[in-house]
Each structure stands twice: as structure tokens, then as C-alpha cells.
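Taking it in order: structure first as C-alpha cells, then the write-up.
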Amino acid sequence: TGSTRPQRILRAVQKNATRGDPCSVVKAIDDYCRHKEWAMNVGDEKGCIVDSVVSEVKPTAVLELGTYCAYSTVRIASLLSPNAKLITLEFNSDYAAIAREVIAWAGLQDKIQLVEGASGEWIPRLKEEFGIETFDLIFLDHWKDRYLPDTKLLEKCGLLRPGTVLLADNVICPGTPDYLDYVRNSQQYKSKFFKSHLEYTQEEDGLEKSVFLG
Ligand SMILES: O=C(NCCCOCn1ccc2cnccc21)c1cc(-c2ccc(F)cc2)cc(O)c1O
Ligand SMILES: [Mg+2]
């Protein structure tokens, strides 16, 4: 049996990136997925928008929903301050295993906590299991039909504070219409759309940045 796409992405990182150099890991994945085979990383174009939001928010507590091969995990964590932490949640254990190797290659294992499981099960446990009060930044990049229910669950669990930023990938492609409708029409959020393209393609996509107002 052949290798999987995540395994081939990890191999490209180990071949082309320098251990302990997160930027070279990000570049190795982008080069592979642009020139060899597409994969659902946030990618370089939308990645620059993610970078600018992270740099503006300067978060010390970050939650990522959807790790995949840890491309955005590494990209975000590389911008965090020394005491900041990122928790990333991945449902698929094969993806999680590859992600751990990519995170280790980048040398970011001390900043990143990878949790395997479903958002609906884990969000209610984050405060107790990880001593989290509230998150400063949440990156939504998991099942598109879970963005809205999980946002409501995060509210219910008291994991948002006035000023918490939700940054959502793929709000155009594949699309998250119910989530967009909610954050754009709720009095509890100030929302802004960043037009971009689906990773490594010319297809329309974008990120939605929504500030929780409390
Ligand atoms: O599907 C996508 N991502 C989600 C993966 C599963 O996530 C499952 N998952 C991860 C944690 C987690 C926690 N709880 C439940 C489910 C949980 C995704 C898909 C596309 C895409 C765009 C066009 C296409 F033609 C085909 C695919 C692009 C993206 O950027 C994406 O992010
Ligand atoms: Mg995505």
C-alpha cells in the first residue's frame, strides 16, 4: 500500500526544511502543495492574512480547530510570544500523528498542545483540562458545518471574552453560510471579511475575522 498525502507532505518537510526553522517548514509545505499535490492547508496567500491578524492580536492563548498537517499551527505558533500557548484540536488520528512530526521538525512542541478528538466533546473540557480561562484568538479550520455550533458552544462555556478574535478559514470555499450569517448579524460580534483565494488556486475564498463584544 502506498503513502498517504499527509505522509508525503511530512516527507517533503523532512527533505526540504531545516529542523528548528518554522519558516522553512511553512515554505516546504507550500512549495510541495503548490507544485506537486494540492492539500487543504490555509496556504501562503491566506496565510499572510492570518499572520497579520496574529501580529495585531498578540495572543497568549490560541485555540485552533482543525490541525491537519499543522501548517497553520506552525505558522501561527512561530509568531507567538515566549509564554504564549496554542492548543490545536484534530479529529483524525492519522492527521494528528503527522502533525506531531511536523510540529517537532519545526521545534515548536513546547508552544503547541495537540489534542485528538471532536470539538463538541473537547470544548467543554478545555478550562478544566488545560487551565484555560478565555482564548485571545480562535482559528476555525475544521468541518465547515461545525463552525456555528462550536462558536455557540465556546460562548456557552465562557471561553470568549470581550475582544476575543475568531478567525475563520474557507468562509467562501467550501463555505460556511450559517456561520457567516450569525457573526455578521449578531450584536455580539464585529465582523470583517478578508477576500482571498482557496489555497494554491485561483478559486475565490476568504477569511472572516469576528471580534466577540461580550
Ligand atoms: O474540510 C476542510 N477542512 C476540515 C478538515 C476536517 O476537519 C475535521 N476536524 C478537525 C478537527 C476537528 C474537531 N472536531 C470535529 C471535526 C474536526 C477544508 C476543505 C477544503 C477544500 C476546498 C475545496 C475543495 F474542493 C476541497 C476541499 C479547503 C480547506 O481549507 C479546508 O480547511
Ligand atoms: Mg481550511
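As the structure is a prediction and not an experimental result, all values here were calculated from the model. Along the sequence shown, residues carry numbers from 1. All ligand and atom numbering here is 1-based and tracks the order in the structure. When reading the values below, keep in mind they use all heavy atoms of this one structure, side chains included, and skip hydrogens, waters and symmetry mates.
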Notebook entry, point to check: When you measure from atom 13 (C) of ligand 1 to every protein heavy atom, which one gives the shortest distance, and what is it?
Noted result: S119 N, 3.5 Å

Notebook entry, point to check: What part of Y95, side chain, backbone, both or neither, has a heavy atom within less than 4.0 angstrom of ligand 1?
Noted result: neither

Margin query: Checking contacts here: is it the side chain or the backbone of L198 that comes within 4.0 Å of ligand 1, counting heavy atoms only? Could be both or neither.
Written below: side chain

Check: Do the charged groups of E37 and R5 touch, with an N to O distance under 4.0 Å?
Finding: yes

Note to self: Test your reading of the structure: does N41 have an N or O sitting under 3.5 Å from an N or O of ligand 1?
What the structure shows: no

Next item on the list: Pick whichever of E199, E90, E116 has a heavy atom sitting closest to atom 28 (C) of ligand 1.
Entry: E199

Next item on the list: Report yes or no: does K144 have a heavy atom closer than 4.0 Å to ligand 1?
Entry: yes

Check: Just checking, is any N or O donor in the side chain of D150 or S119 under 3.5 Å from an acceptor N or O on the other one?
Finding: yes

Next item on the list: Looking only at protein heavy atoms, identify the closest one to atom 11 (C) of ligand 1 and say how far it is in Å.
Entry: L89 O, 3.4 Å

Next item on the list: Begin with the C-alpha distance, continue with both residues' side-chain angles, and end with the deciding distance and a verdict on side chain to side chain contact (heavy atoms under 4.5 Å, CB included) for I123 and L159.
Entry: CA-CA 9 Å; I123 286 171; L159 286 163; 3.8 Å; yes

Check: Between the side chains of N16 and D31, does any donor sit under 3.5 Å from an acceptor?
Finding: no

Notebook entry, point to check: Which heavy atom in E155 sits nearest to a heavy atom in Q188, and how many Å separate them?
Noted result: OE1-OE1, 3.8 Å

Next item on the list: Starting from the Mg ion (ligand 2), look over the N/O/S atoms of D141 and name the nearest one.
Entry: OD1

Next item on the list: Identify the two heavy atoms, one from N41 and one from C33, that lie closest to each other, and give their separation to 0.1 Å.
Entry: OD1-SG, 3.2 Å

Checklist line | Within-cut-off N or O pair, W38 and ligand 1, under 3.5 Å | finding: no

Notebook entry, point to check: In D169, the N, O or S atom nearest to the Mg ion (ligand 2) is which?
Noted result: OD2

Next item on the list: Taking both backbone and side-chain atoms into account, decide whether E199 has an N/O/S atom under 2.8 Å from the Mg ion (ligand 2).
Entry: no

Checklist line | Donor + acceptor pair across side chains of Y68, E90 (<3.5 Å) | finding: no

Check: In terms of residue, atom name and distance, what is the protein heavy atom nearest to atom 5 (C) of ligand 1?
Finding: M40 CE, 3.6 Å

Check: Which bit of N170 gets closer than 4.0 Å to ligand 1, counting heavy atoms only: side chain, backbone, both or neither?
Finding: side chain

Check: Does E64 come within less than 4.0 Å of R75, counting only side-chain N to carboxylate O?
Finding: no

Margin query: If you take the centroid of each ring, where Trp contributes its six-membered ring, are Y200 and H35 closer together than 6.0 Å?
Written below: no

Check: For the Mg ion (ligand 2), does an N/O/S atom of S72 lie at less than 2.8 Å?
Finding: no

Check: Does ligand 1 have an atom under 4.0 Å from some heavy atom of G43?
Finding: no

Item checked: Modelled atom types, side-chain donor and acceptor of D178 and Y147, under 3.5 Å -> no

Check: Judging by distance only, is a nitrogen or oxygen of D169 under 3.5 angstrom from one on ligand 1?
Finding: yes

Notebook entry, point to check: Taking atom CD of E133 as the centre, does the number of heavy atoms from other residues, nucleotides or ligands within less than 6.0 Å exceed 12?
Noted result: no

Next item on the list: Using a strict cut-off of 4.0 Å, indicate which atoms of ligand 1 neighbour a heavy atom of A118.
Entry: 14 (N)

Note to self: Looking only at side-chain N and O atoms, does D136 offer a donor or acceptor that is under 3.5 Å from a partner on T60?
What the structure shows: yes

Checklist line | Side chain, backbone, both or neither: the part of T67 lying under 4.0 Å from ligand 1 by heavy atom | finding: neither

Note to self: Between E45 and R34, does any NZ, NE, NH1 or NH2 come within less than 4.0 Å of an OD or OE carboxylate oxygen?
What the structure shows: no

Check: For atom 25 (F) of ligand 1, is the nearest protein heavy atom under 4.0 Å away?
Finding: no

Check: Where the closest heavy atom to atom 12 (C) of ligand 1 is concerned, which of W143, Y71, F91 has it?
Finding: F91

Check: Going by the atom numbers of ligand 1, which of them fall below 4.0 Å from some non-hydrogen atom of G66?
Finding: 10 (C), 11 (C)

